[in-house]
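In what follows, a single structure is set out as structure tokens and then discussed.
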Amino acid sequence: MIVAVLVRTTEPHRQSEALRAALGLTLRGAKVHVVIDAPVATSLAQRAIDTLRSFGHVVDADLTAVARADRVEVWT
């Protein structure tokens, strides 16, 4: 299953929470594609991005990921 996680918030705590939630989705075996178009607001958010990428998940600003996803989660 591919889950697209759209991180549309610029609020630092909420952005970090969204990225940690994306990490949690990987624990259930989902392939995660995070779409984030705002600057990374905290070191915790950056750490989550780095971890996702190290596990082979995609983190970028490509909205076409939504069309390929089985599920979409939006964080505002």
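Basis for what follows: all heavy atoms, side chains included, without hydrogens, waters or symmetry-related copies.
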query = Passes side chain to side chain contact (heavy atoms under 4.5 Å, CB included), M1 versus K31? Steps please.
reply = CA-CA 6 Å; M1 175 186 314; K31 181 72 176 164; over 6 Å; no

Do [X] and [Y] belong to the same hydrophobic cluster, where Ile, Leu, Val, Met, Phe, Trp and Tyr are linked whenever their side-chain heavy atoms lie under 4.5 Å apart, directly or via other members?
{"X": "I49", "Y": "V32", "result": "yes"}
{"X": "V74", "Y": "I36", "result": "no"}
{"X": "L19", "Y": "W75", "result": "yes"}

Where do [X] and [Y] come nearest, in terms of heavy atoms and distance?
{"X": "A18", "Y": "V5", "value": "O-CG1, 4.4 Å"}
{"X": "V66", "Y": "A4", "value": "CA-CB, 4.4 Å"}
{"X": "T42", "Y": "A45", "value": "OG1-N, 3.0 Å"}
{"X": "A22", "Y": "V34", "value": "CB-CG2, 3.8 Å"}
{"X": "R68", "Y": "I2", "value": "O-CD1, 4.0 Å"}

key: L52 side chain near L23 side chain, heavy-atom distance below 4.5 Å   =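 Yes, at least one pair of side-chain atoms sits under 4.5 Å.
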
inquiry  = Measuring only between side-chain heavy atoms, which start at C-beta, is T26 closer than 4.5 Å to H57?
reply    =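 Of all side-chain heavy-atom pairs linking H57 with T26, at least one is under 4.5 Å.
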
Any chance you could measure [X], atom [atom1], to [Y], atom [atom2], to the nearest 0.5 Å?
{"X": "Q46", "Y": "L44", "atom1": "CD", "atom2": "CG", "answer": "10.5 Å"}
{"X": "E11", "Y": "S16", "atom1": "CD", "atom2": "OG", "answer": "8.5 Å"}
{"X": "D60", "Y": "D37", "atom1": "CG", "atom2": "CG", "answer": "10.5 Å"}

key: Any donor-acceptor N/O pair, Q15 side chain to T10 backbone, under 3.5 Å   = no

inquiry  = Go through it in stages, so that I can follow the logic: the residues are D62 and H33, the test is side-chain hydrogen bond (donor to acceptor under 3.5 Å, both in side chains), and I'd like the CA-CA distance, side-chain angles, deciding distance and then a yes or no.
reply    = CA-CA 9 Å; D62 183 9; H33 188 137; 5.2 Å; no

Sidechain N-carboxylate O distance under 4.0 Å for R20, E17 = no

inquiry  = More than 12 heavy atoms of other residues, nucleotides or ligands under 6.0 Å from CZ of R8: yes or no?
reply    = no

request  = Decide yes or no on side chain to side chain contact (heavy atoms under 4.5 Å, CB included) for E73 and L6, but give the supporting numbers first.
outcome  = CA-CA 6 Å; E73 188 172 302; L6 282 82; over 6 Å; no

